[in-house]
Structures are given as C-alpha cells and as structure tokens.
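Quick note: residue numbers are just sequence positions, from 1. Because the structure is a prediction, the values reported are computed rather than measured.
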Amino acid sequence: MQFSKGRVRGGGDGSGPSDGHHEARGPAPTDMPRDVPFDDPWYDALASGWGEAGTVAVPVPAARQGQGQRPEQDDDLAAAEVYLEVQRSPAFQEVRSRYRRFVVPATVAFFLWYVAYVVAATAAPGLMARPVVGAVNVGLLAGLGQFLSTFLLTWAYARHARLRRDRVALELRWDTQELTRGARGGAA
C-alpha cells in the first residue's frame, strides 16, 4: 500500500480487484504520523482512472483536441517535419558531433582501463598482491582507481556538456519549440 500526502493509494493486501486497477482503501492508518510529508513527484500527475476513487478526469481544452485551424493529424505531420528539419540542420549535427567526439573515446578508454584491471586481477595475482605501503597493495590502489576514474569521467562529461554542448542544444530546443508551436497553429 502506498501513502502520499496522508492518503492511501493502491492495494497490496490482495483483497481488491486483480485487474491492475487500484482504489483508495480508506483513510491513512492512525499509526502513521500526519505531520510527516510524503513527497511523491507522480502524485499530481496521475493518469485518468488511477489514484483515489471518485476522482473525475479533467476535460482536455478545446485547443488541444484538434479543434484549431488544422486537423490533429496534420498538426502531427507538421510537427514531425519540424523535427526532421532540425535533425538535418548543421547546428544539430554539430551538437551530435561534439557529443560523439567526447563520448566514444572516453567510453573506449574507460572500458580498456576496466578490462585491464579485471585481467590483471585474474592473470597476475602476484602483481596485484604486491604491497605498496603497509597493508595497501597494488590491487587495492587499482580498485580505488576505478572509483576515482568513474568520478573524474563524470566530472569531465558534465564539464564538456556545459562548455561545449548545453548552450547550443538549449538554443536548438528553443527554436524547435517555436517552430513546432508555429506548425501547430501558434497556440501559446
């Protein structure tokens, strides 16, 4: 049973219907403190028919039902053309190229480093057992190096994305949304 904002959602005791739909089972148990917030990011985004019993589905606004200037299918085709046009654009190709120029070599280097560690651990146990300082041996340092290299690679990826891709990708996203909005009739 799941609790969210003091209300019971879902089942779990097997006493309800078995068709996959969940209903409210009543108020929250008294043993649960009421002042404890339950942060559920999906609570307010429940689909129609899910969640508490007695909820009414919100009607879709007329502008979203395809009652605008064009039929809904034409809107989708126009939006698809916008996305294909953006995909063919030099700016999009540059963002993809910058992404690949970082990710492919970094992935290969990290994979080779990982395989070298595993192969050395299995094929050269004497090397990995060689003491460096006290109880610290080469294998322990190489294992810690795996963690360190993971964090360094994550930092390098985030830095590369921030400096070389994010601004251009954000501009592309903005332009794509503007073009899609214009293709669908200009609804803001």
Side-chain angles (χ1 to χ4, degrees), residues 2-5 7 9-11 19-24 37-118 145-188:
Q2 297 176 351
F3 298 95
S4 180
K5 296 184 182 178
R7 291 181 268 185
R9 290 193 309 156
D19 60 353
H21 296 292
H22 298 287
E23 303 174 0
F38 292 95
D39 295 323
D40 185 356
W42 296 102
Y43 183 77
D44 294 330
L46 294 174
S48 176
W50 292 15
E52 288 83 17
T55 57
V56 179
V58 178
V60 177
R64 294 261 186 205
Q65 292 179 351
Q67 297 176 357
Q69 298 172 349
R70 302 180 190 192
E72 188 174 330
Q73 190 174 17
D74 290 343
D75 289 349
D76 291 341
L77 288 175
E81 288 299 321
V82 167
Y83 285 107
L84 288 173
E85 179 183 334
V86 169
Q87 185 180 9
R88 293 182 202 115
S89 72
F92 182 82
Q93 296 303 321
E94 179 63 24
V95 169
R96 295 278 300 194
S97 174
R98 288 178 183 180
Y99 172 78
R100 287 186 189 123
R101 280 193 306 250
F102 179 85
V103 168
V104 171
T107 302
V108 169
F110 188 78
F111 183 73
L112 289 175
W113 160 233
Y114 176 75
V115 169
Y117 172 71
V118 171
Q146 290 286 315
F147 286 105
L148 179 64
S149 64
T150 301
F151 290 120
L152 286 175
L153 183 61
T154 303
W155 171 80
Y157 176 80
R159 183 176 185 275
H160 180 268
R162 186 182 69 244
L163 296 177
R164 299 222 170 31
R165 294 191 326 260
D166 285 353
R167 181 171 288 135
V168 178
L170 186 61
E171 289 173 5
L172 269 172
R173 179 179 177 195
W174 184 264
D175 293 344
T176 303
Q177 288 176 347
E178 289 296 316
L179 289 170
T180 304
R181 188 174 295 127
R184 290 190 176 180

Colleague: By side chain to side chain donor-acceptor pair (under 3.5 Å), which residues pair with S89, not counting sequence neighbours?
Modeller: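 Side chain to side chain donor-acceptor pair (under 3.5 Å) check on S89 returns nothing, list empty.
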Colleague: I'd like to check V86 versus L172 (side-chain heavy atoms, cut-off strictly below 4.5 Å). Are they in contact?
Modeller: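 They are in side-chain contact.
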Colleague: Can you name the side chain to side chain donor-acceptor pair (under 3.5 Å) partners of Y99, sequence neighbours left out?
Modeller: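 Not a single residue meets the side chain to side chain donor-acceptor pair (under 3.5 Å) criterion with Y99.
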Colleague: I need the full list of salt bridge (charged side-chain N to carboxylate O under 4.0 Å, His left out) pairs touching residues 84-100, with sequence neighbours left out, sorted by first then second residue.
Modeller: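 Every pair satisfying salt bridge (charged side-chain N to carboxylate O under 4.0 Å, His left out) with a residue in residues 84-100: E94-R98, E94-R101.
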Colleague: List for me each residue that meets salt bridge (Lys or Arg N to Asp or Glu O under 4.0 Å) alongside R173, sequence neighbours excluded, and say none if there are none.
Modeller: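 In terms of salt bridge (Lys or Arg N to Asp or Glu O under 4.0 Å), with neighbours along the sequence ignored, R173 is linked to no residue.
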Colleague: CG/L153 to OG1/T107 distance, rounded to the nearest 0.5 angstrom?
Modeller: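 Rounded to the nearest 0.5 Å, the CG-OG1 separation comes out at 7.0 Å.
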Colleague: What closest approach, in Å, do T176 and V82 show between heavy atoms, and which atom pair accounts for it?
Modeller: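 Heavy atoms of T176 and V82 come nearest at O-CG1, 4.0 Å.
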Colleague: Taking only residues two or more places apart in sequence or in another chain, which ones pass side chain to side chain donor-acceptor pair (under 3.5 Å) with T150?
Modeller: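 For T150 there are no side chain to side chain donor-acceptor pair (under 3.5 Å) partners, ignoring immediate neighbours.
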Colleague: With a cut-off of 3.5 Å and sequence neighbours excluded, list every side-chain donor-acceptor pair involving residues 158-171.
Modeller:
residue : atom : partner : partner atom : Å
H160    : ND1  : R165    : NH1          : 2.9
R165    : NH2  : Y157    : OH           : 3.0

Colleague: Do any N or O atoms from the side chain of Q87 and from the backbone of F92 form a donor-acceptor pair under 3.5 angstrom?
Modeller: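 No; judged by distance alone, with no hydrogens or angles, the pair does not exist.
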Colleague: First locate atom OG of S149, then atom CH2 of W113, and finally report the distance between them rounded to the nearest 0.5 Å.
Modeller: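 Reported value, rounded in 0.5 Å steps: 6.0 Å.
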